[in-house]
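Before any comments, here is the structure.
Just so you know, residue 1 is the first one in the sequence shown, and it goes up from there. Numbering of ligands and ligand atoms starts at 1, following listing order. This is a predicted model, so every value here is computed, not measured.
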Amino acid sequence: MTRPVNLYSFPSVDADLAPNLRRYVLDAQNEAVKRHNTFRVAVSGGSLPKVLAKALLADDPASADRADFSKWEIFYADERCVPLTHEDSNHALVKAELLDKIPAALGTPKVFPIDETLLDNPQEAADAYEKTLVSIFAARDSVKLPLFDLLLLGCGPDGHTCSLFPSYPQLRETDAWVLSIEDSPKPPPKRITLSLPVVQHAARTAFVATGAGKKEVLKSIFETEEGRQLPCGLVNEGAGERVSWFCDAAATDGVSYPRRGSVI
Ligand SMILES: O=C(O)[C@H](O)[C@@H](O)[C@H](O)[C@H](O)COP(=O)(O)O
């Protein structure tokens with residue numbers, strides 16, 4: 001790997017991974033709030049929102065060391081083109097697992113779901129989401145790429161991340177910030193996703209990958225040339241030390257890439 005990424009492997013998700021992810025997210029939040037009084041985060045679907053909720057919702061609202069959701073702007077790193085209440089919607093998942101459970105005392109985040117009126121046309125949905133990003137992150141001609149403070153992503157067993165799938169043409173996009181996909185190999189087929197350059201540009205990126213189902217792909221991503229060309233491998237290559245992987249022992253079993261101890 002050109003610039004080494006951080007690989008954490010924890011014995012358990014609840015007792016070890018979640019508290020370490022909490023520290024990492026709070027450090028990212030505090031840095032961002034200091035920098036521009038806002039914390040801009042993009043999240044994926046899959047198993048991530050549940051782990052995130054475990055990490056962030058147990059804090060005492062009276063403590064200074066906690067998530068301050070009033071500073072958070074939450075975007076979707078990828079979204080499925082289904083109604084926002086549909087069981088396949090990443091927004092519905094994040095809402096059920098995290099947003100609906102945030103105690104009022106921790107503040108209320110601003111959330112940016114996709115435009116539900118454009119679900120039949122993923123390209124229009126992608127363009128509209130890009131416009132939203134342009135309005136938040138500054139004009140497209142003055143800023144080449146939006147700078148997210150933190151991306152919270154998953155890793156598919158085929159090495160996909162967001163809705164960037166291995167060998168799909170979306171991986172070669174160099175201009176657009178948000179892309180559409182009509183034939184996702186993971187259902188549902190119609191989706192929108194941040195582009196690879198946007199993902200590689202983020203101030204910090206955390207992958208959460210747990211369970212034995214991830215160990216083959218992690219071995220490939222961290223140890224083979226072929227794996228370095230998978231979407232997750234390309235994020236590692238492009239963002240280097242700004243990337244941290246939060247894994248459990250089952251997922252990193254057999255991976256010989258050097259691990260870091262812990263964040264805490
Ligand atoms: O909308 C999606 O399908 C996700 O954003 C996708 O990129 C997900 O994060 C990975 O497939 C990992 O999912 P798991 O964590 O459930 O394995």
Side-chain angles (χ1 to χ4, degrees), residues 8-10 13-14 17-18 21 25 41-55 74-99 111-114 119 122 125-126 129 148 150-168 170-171 178-196 198-200 202 205-221 227 230-236 239 243-248 250-253:
Y8 298 98
S9 175
F10 300 103
V13 175
D14 288 13
L17 189 157
L21 182 64
V25 173
V41 187
V43 297
S44 272
S47 54
L48 179 105
K50 205 182 200 122
V51 180
L52 196 59
K54 247 175 224 157
I74 301 180
F75 301 85
Y76 291 96
D78 70 322
E79 181 56 291
R80 295 96 177 267
C81 291
V82 295
L84 296 177
T85 50
H86 191 280
E87 56 173 15
D88 284 338
S89 158
N90 284 343
H91 174 69
L93 181 70
V94 170
K95 188 170 178 306
E97 293 292 349
L98 180 69
L99 305 176
V111 185
F112 295 87
I114 61 167
L119 299 176
Y129 208 70
F148 284 98
L150 175 64
L151 301 180
L152 289 160
L153 307 179
C155 162
D158 58 354
H160 80 257
T161 190
C162 306
S163 288
L164 295 166
F165 292 92
S167 309
Y168 270 57
Q170 284 82 356
L171 273 182
V178 184
L179 310 174
S180 64
I181 172 165
E182 304 247 4
D183 56 351
S184 162
K186 178 181 179 182
K190 293 184 179 174
R191 293 154 172 255
I192 68 164
T193 181
L194 294 180
S195 65
L196 184 62
V198 171
V199 175
Q200 289 173 325
T205 294
F207 285 101
V208 176
T210 60
K214 300 286 160 75
K215 73 179 187 181
E216 289 310 323
V217 76
L218 287 191
K219 251 190 256 175
S220 168
I221 291 167
L230 295 173
C232 289
L234 293 170
V235 177
N236 281 351
V243 178
S244 296
W245 285 76
F246 290 82
C247 303
D248 64 355
T252 55
D253 184 24

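For Leu153, no heavy-atom contact with ligand 1 is shorter than 4.0 Å. Contacts of Ala77 with ligand 1, taken as heavy-atom pairs under 4.0 Å, are absent altogether.
Looking only at protein heavy atoms, the nearest one to atom 7 (O) of ligand 1 is Cys162 O, 2.6 Å. The protein non-hydrogen atom at the shortest distance from atom 17 (O) of ligand 1 is Lys214 NZ, 2.6 Å. Scanning the protein for heavy atoms near atom 4 (C) of ligand 1, the closest one is Asp78 OD2, 3.5 Å. For atom 8 (C) of ligand 1, the closest non-hydrogen atom on the protein side is Lys186 NZ, 3.7 Å. Here the heavy atom of the protein found nearest to atom 10 (C) of ligand 1 is His160 NE2, 3.4 Å.
No donor-acceptor distance shorter than 3.5 angstrom exists from the side chain of Thr210 to the backbone of Cys247, with no hydrogens or angles considered. At least one donor-acceptor pair under 3.5 Å links the side chain of Arg80 to the backbone N or O of Asp88. Not a single donor-acceptor pair under 3.5 Å links the side chain of Asp158 to the backbone N or O of Pro166. Side chain of Lys190 to backbone of Leu119: no donor-acceptor contact under 3.5 angstrom is found. When atom types are taken as modelled, the side chain of Glu79 and the backbone of His91 share a donor-acceptor pair closer than 3.5 angstrom. Not a single donor-acceptor pair under 3.5 Å links the side chain of Tyr168 to the backbone N or O of Ser184.
Of all the atoms in ligand 1, the ones that sit under 4.0 Å from a non-hydrogen atom of Cys155 are 12 (C). Near Arg191, meaning under 4.0 Å from any of its heavy atoms, are these atoms of ligand 1: 1 (O), 2 (C), 3 (O). Those atoms of ligand 1 that come under 4.0 Å of a heavy atom in Asn90, given as number and element, are 1 (O), 5 (O).
Residue Leu48 has no N or O atom closer than 3.5 Å to an N or O atom of ligand 1. Residue-to-ligand polar distances place Arg80 within reach of ligand 1: an N/O pair is separated by less than 3.5 Å.
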Take Tyr76 and Val43 through the test side-chain contact (heavy atoms from CB on, under 4.5 Å) and record every step on the way to the result. CA-CA 5 Å; Tyr76 291 96; Val43 297; 3.9 Å; yes
Could you please spell out the steps behind the side-chain contact (heavy atoms from CB on, under 4.5 Å) verdict for Leu151 and Val235? CA-CA 11 Å; Leu151 301 180; Val235 177; over 6 Å; no
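In this structure, Glu79 has no heavy atom closer than 4.0 Å to ligand 1.
Of the options Ser44, Gly45, Ser47, Gly46, the smallest heavy-atom separation from atom 15 (O) of ligand 1 is shown by Ser47.
With values rounded to the nearest 0.5 angstrom, Asp248 atom CG is found 7.0 Å from Leu17 atom CG.
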